[in-house]
Amino acid sequence: MLAPMTACTGGGEPTVVGPPAAAPSPPKPHGPEDQAVEQALRVYERYWRISEEAAASPRGVDWPTELAKVMADPALSAYIGELANLASVPAHSRGQYGRSPKVTTVALAPPPRVVVIDCLDATNEHLISEKPGDGGRSLDHPDQPKRYEFEAQIVRYPNPDRWLVQQVQARLEKPC
């Protein structure tokens, strides 16, 4: 980072001049595919934020309503089932996944769809027991991979016009 440069006049002070200003780069084209990617990635980030909050407190909020803001079936029903399972154990998730999402496909034909492949790193994400007398114990499965590929398909729904995570697939057999 460059330190701020100043120019002084009068009083015998030297003038300090910085490097010449770089010409502004021309704006990137912003077509329909770029807009689709931006909107889908924004929903994908919200999906992760809400789903991690839900896993951390599976009995805490009306999660089906919150999740429906960023998900559609079949992903929505599957995740609500996972939350019900967590609540019944009882357990919760602690920590967060490391992620590095990359868009692999953009299809604008109806219904518009963006496919994201992510590399999930579960090193800092743990399943924690809430059973009386057993609370705080890790329930992590020792054979589950810590880094694996995750695919999400985000689809644009017309009524109301919004993007939703429609399908997700954890590919535990595909390390990344």
Is [X] salt-bridged to [Y], going by a charged N under 4.0 Å from an acidic O?
{"X": "Asp121", "Y": "Lys146", "answer": "no"}
{"X": "Glu53", "Y": "Arg49", "answer": "yes"}
{"X": "Arg99", "Y": "Glu52", "answer": "no"}

Starting at [atom1] of [X], measure out to [atom2] of [Y] and round the result to the nearest 0.5 Å.
{"X": "Ser51", "Y": "Glu82", "atom1": "OG", "atom2": "CD", "value": "9.5 Å"}
{"X": "Leu120", "Y": "Gln96", "atom1": "CG", "atom2": "CD", "value": "12.5 Å"}
{"X": "Gln144", "Y": "Leu127", "atom1": "CD", "atom2": "CG", "value": "9.5 Å"}
{"X": "Leu67", "Y": "Tyr79", "atom1": "CG", "atom2": "OH", "value": "6.5 Å"}
{"X": "Arg147", "Y": "Tyr97", "atom1": "CZ", "atom2": "OH", "value": "13.5 Å"}
{"X": "Arg59", "Y": "Leu86", "atom1": "CZ", "atom2": "CG", "value": "8.5 Å"}

Quick one: does [X]'s side chain have a donor or acceptor within less than 3.5 Å of a partner on [Y]'s backbone?
{"X": "His141", "Y": "Asp143", "value": "yes"}
{"X": "Ser88", "Y": "Asn85", "value": "yes"}
{"X": "Asp34", "Y": "Gly31", "value": "yes"}

- prompt: How about Tyr47 and Trp163: are their ring centres within less than 6.0 Å of each other?
  reply: no
Nearest heavy atoms of [X] and [Y], plus distance in Å:
{"X": "His92", "Y": "Ala56", "value": "CB-O, 3.4 Å"}
{"X": "Ala68", "Y": "Arg162", "value": "O-NH1, 3.5 Å"}
{"X": "Ile128", "Y": "Gly136", "value": "CG2-CA, 3.5 Å"}
{"X": "Ala72", "Y": "Tyr157", "value": "CB-OH, 3.4 Å"}
{"X": "Leu83", "Y": "Pro58", "value": "O-CB, 3.8 Å"}
{"X": "Val43", "Y": "Val70", "value": "CG1-O, 3.8 Å"}

Are [X] and [Y] packed together at the side-chain level, in the sense that at least one heavy-atom pair is separated by less than 4.5 angstrom?
{"X": "Val168", "Y": "Phe150", "answer": "yes"}
{"X": "Cys119", "Y": "Ser100", "answer": "yes"}
{"X": "Leu164", "Y": "Val155", "answer": "no"}

message: For a quick check under 3.5 Å, do Ser93 and Glu125 share a side-chain donor-acceptor pair by atom type?
response: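 The criterion, which ignores hydrogens and geometry beyond distance, is satisfied for Glu125 and Ser93.
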query: Distance only, no hydrogens: is a donor on one side chain within 3.5 Å (strictly under) of an acceptor on the other, for Tyr44 and Asp118?
result: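 Yes.
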Salt bridge (Lys or Arg N to Asp or Glu O under 4.0 Å) pairs, two or more places apart, involving residues 68-78: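 Found Glu66-Lys69.
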Atom pairs and distances, side-chain donor-acceptor, residues 104-114, under 3.5 Å, sequence neighbours left out:
unit_1	atom_1	unit_2	atom_2	d
Thr104	OG1	Val115	O	3.4
Arg113	NH1	Gln153	OE1	2.7
Arg113	NH1	Gln166	OE1	3.1
Arg113	NH2	Gln166	OE1	3.4

- prompt: Taking a hydrophobic cluster as the set of Ile, Leu, Val, Met, Phe, Trp and Tyr residues connected by side-chain heavy atoms closer than 4.5 Å, whether directly or through intermediates, do Ile117 and Ile154 fall within one such cluster?
  reply: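 Hydrophobic grouping puts Ile117 apart from Ile154.
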message: Going by the rule side chain to side chain contact (heavy atoms under 4.5 Å, CB included), which residues pair with Gln35 if we only count those two or more places apart in sequence or in a different chain?
response: His30
